[in-house]
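To keep things clear, I will list the structure first and then write my remarks on it.
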Protein chains: 2
Amino acid sequence: MYIEALKKELKDKKYRMTPQRELVLKVFIDNENDHLGAEDVYRILFSNKHSVSKATVYRTIELLVDFGFLRKLDFGEGIYRYELAKKNKMHHHFICKICGKIYEIEEKHLDILKKELENQGFVFEDFDFKIYGICPKCNKKTKKRIENKK
Amino acid sequence: MYIEALKKELKDKKYRMTPQRELVLKVFIDNENDHLGAEDVYRILFSNKHSVSKATVYRTIELLVDFGFLRKLDFGEGIYRYELAKKNKMHHHFICKICGKIYEIEEKHLDILKKELENQGFVFEDFDFKIYGICPKCNKKTKKRIENKK
DNA sequence: ATTTACTTGAAAATAGTTTTAAGTTATACT
DNA sequence: AGTATAACTTAAAACTATTTTCAAGTAAAT
């Protein structure tokens with residue numbers, strides 16, 4: 001469980017588990033299918049009457065990223081979003097340029113590339129594969145719109 | 001040539017080619033191997049005695065991205081960087097977590113994925129593949145450091 | 001029990017980017 | 001050519017996300 005893992009990780013590194021840190025991590029656990037930004041986390045805590053200061057939210061998120069609990073994402077909006085960094089879970093995204101929806105995509109075809117880079121001496125630690133395009137839903141709508149124009 | 005293409009593009013869409021727009025695009029052409037941020041562009045122009053206001057630099061970059069002349073990149077630094085969006089040129093990057101150097105990487109193995117997504121109805125417009133890890137240079141240094149410790 | 005180091009919150013600072021308001025320039029129209 | 005119109009630029013101010021500062025609080029270690 002994430003909370004326990006965080007406690008252990010903190011203890012090992014002479015940091016402390018605090019109510020605030022637990023609350024922030026819990027927000028990500030409770031919303032694991034979203035891609036929350038720091039302000040989202042602050043707002044969620046605030047509306048749940050758990051007041052954690054912004055500074056602490058930001059600091060805790062940074063700490064969780066450093067410890068590998070969260071993965072930092074950027075969808076070109078000018079803010080960072082984060083997701084729980086489940087092990088062995090790839091984190092590729094398809095961002096629809098029309099509706100903005102973010103789809104999680106699976107990727108099984110990177111092994112060849114990975115091996116190639118490793119042969120060249122690169123150490124493959126983390127990767128982030130973003131595809132921008134039009135999702136099936138919007139694609140249908142666009143087609144309809146074009147047909148209506150005819 | 002980019003400048004001519006931009007002129008045409010602007011004219012088609014009832015925009016105007018201005019000295020400022022030409023200057024900004026030229027900065028990217030003259031530095032095509034770098035990944036410049038908006039502030040870099042401003043600084044380069046400023047030091048070349050071509051004063052273009054920051055607002056115009058930012059606006060022009062946005063316009064160039066919209067028109068497909070530039071590609072917006074993010075390396076998790078809190079700023080956006082841009083590169084000339086050459087057609088048929090992939091833009092995958094390997095960012096060394098140690099030295100921060102950005103390597104361009106070639107990728108020829110995405111066709112299977114692309115086809116898969118297209119079968120599902122996704123329209124593949126642009127993608128951005130980022131790999132974080134340790135580059136061969138740093139890898140060597142790290143190995144040495146570890147050996148020295150023994 | 002006291003020291004030490006870590007943590008928090010509120011406010012201020014910072015950095016990148018966007019907006020505003022006023023003036024300038026190019027294009028279209030007569 | 002002269003004028004109207006719309007696009008464009010500038011400098012400064014505003015804005016937004018994020019980070020830093022610093023005083024005060026809290027837990028762990030001695």
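The sequence lines fix the lettering, A, B, ..., with proteins before strands; numbering per chain opens at 1. Scope of the values below: all heavy atoms of this structure, side chains included, with no hydrogens, waters or symmetry mates.
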Next on the checklist: Among residues at least two apart in sequence or on other chains, which ones pass side-chain contact (heavy atoms from CB on, under 4.5 Å) with B:Ala55?
Outcome noted: B:Ser53, B:Arg59
Checklist outcome for this item: In whole angstroms, the gap separating C1' of D:dT9 from CD of B:Glu62 amounts to 15 Å
Checklist outcome for this item: In whole angstroms, the gap separating C1' of C:dT17 from CG of B:Asp74 amounts to 14 Å
Checklist entry - Starting at CD of B:Gln20 and ending at C1' of D:dA11, how long is that distance when rounded to a whole Å? => result 14 Å
Checklist outcome for this item: Per-nt protein contacts along nucleotides 19-30 of chain C (heavy atom under 4.0 Å; B base, S backbone sugar-phosphate only, - none) come out as BB----BB----
Checklist outcome for this item: When rounded to whole Å, the NZ to P distance for the pair A:Lys7 and D:dA28 reads 12 Å
Checklist entry - Got a sec, which residues hit side-chain hydrogen bond (donor to acceptor under 3.5 Å, both in side chains) with B:Asp30, two or more places apart in sequence or on another chain? => result none
Checklist entry - Rounding to a whole Å, what distance do you find between B:His50:NE2 and D:dT9:C1'? => result 16 Å
Checklist entry - Can you tell me how far P of C:dG9 sits from CG of A:Leu45, to the nearest Å? => result 10 Å
Next on the checklist: Could you measure the distance from the CG atom of A:Asp12 to the NZ atom of A:Lys7? Nearest 0.5 Å is fine.
Outcome noted: 14.0 Å
Checklist outcome for this item: For B:Ile29, the side-chain contact (heavy atoms from CB on, under 4.5 Å) test, sequence neighbours excluded, returns B:Tyr2, B:Ile3, B:Leu25, B:Leu84
Please produce a list of atom pairs where a protein N or O lies less than 3.5 Å from an N or O of nucleotides 16-18 of chain D.
from: D:dT18; atom 1: OP1; to: A:Tyr80; atom 2: N; distance (Å): 3.0
from: D:dT18; atom 1: OP2; to: A:Tyr58; atom 2: OH; distance (Å): 2.8

Item to check | Residues forming a side-chain contact (heavy atoms from CB on, under 4.5 Å) with B:Leu10, sequence neighbours excluded | outcome: B:Leu6, B:Tyr15, B:Met17, B:Arg21, B:Leu63, B:Phe67
Item to check | Euclidean distance, atom NZ of residue B:Lys11 to atom P of D:dC8 [Å, nearest integer] | outcome: 14 Å
Item to check | Interatomic distance where OH belongs to A:Tyr42 and P belongs to C:dA11 [whole Å] | outcome: 10 Å
Item to check | Qualifying side chain to side chain donor-acceptor pair (under 3.5 Å) pairs, either residue in residues 41-52 of chain A, two or more places apart | outcome: A:Asp40-A:Arg43
Checklist entry - Residues two or more places apart in sequence or in another chain: which of them pass side-chain hydrogen bond (donor to acceptor under 3.5 Å, both in side chains) with A:Lys54? => result A:Glu39
Checklist entry - Atom CG in A:Leu64, atom CZ in A:Phe69: separation rounded to 0.5 Å? => result 7.0 Å
Item to check | All side-chain contact (heavy atoms from CB on, under 4.5 Å) counterparts of B:Asn31, not counting sequence neighbours | outcome: B:Val27, B:Asp34, B:Leu36, B:Ile44
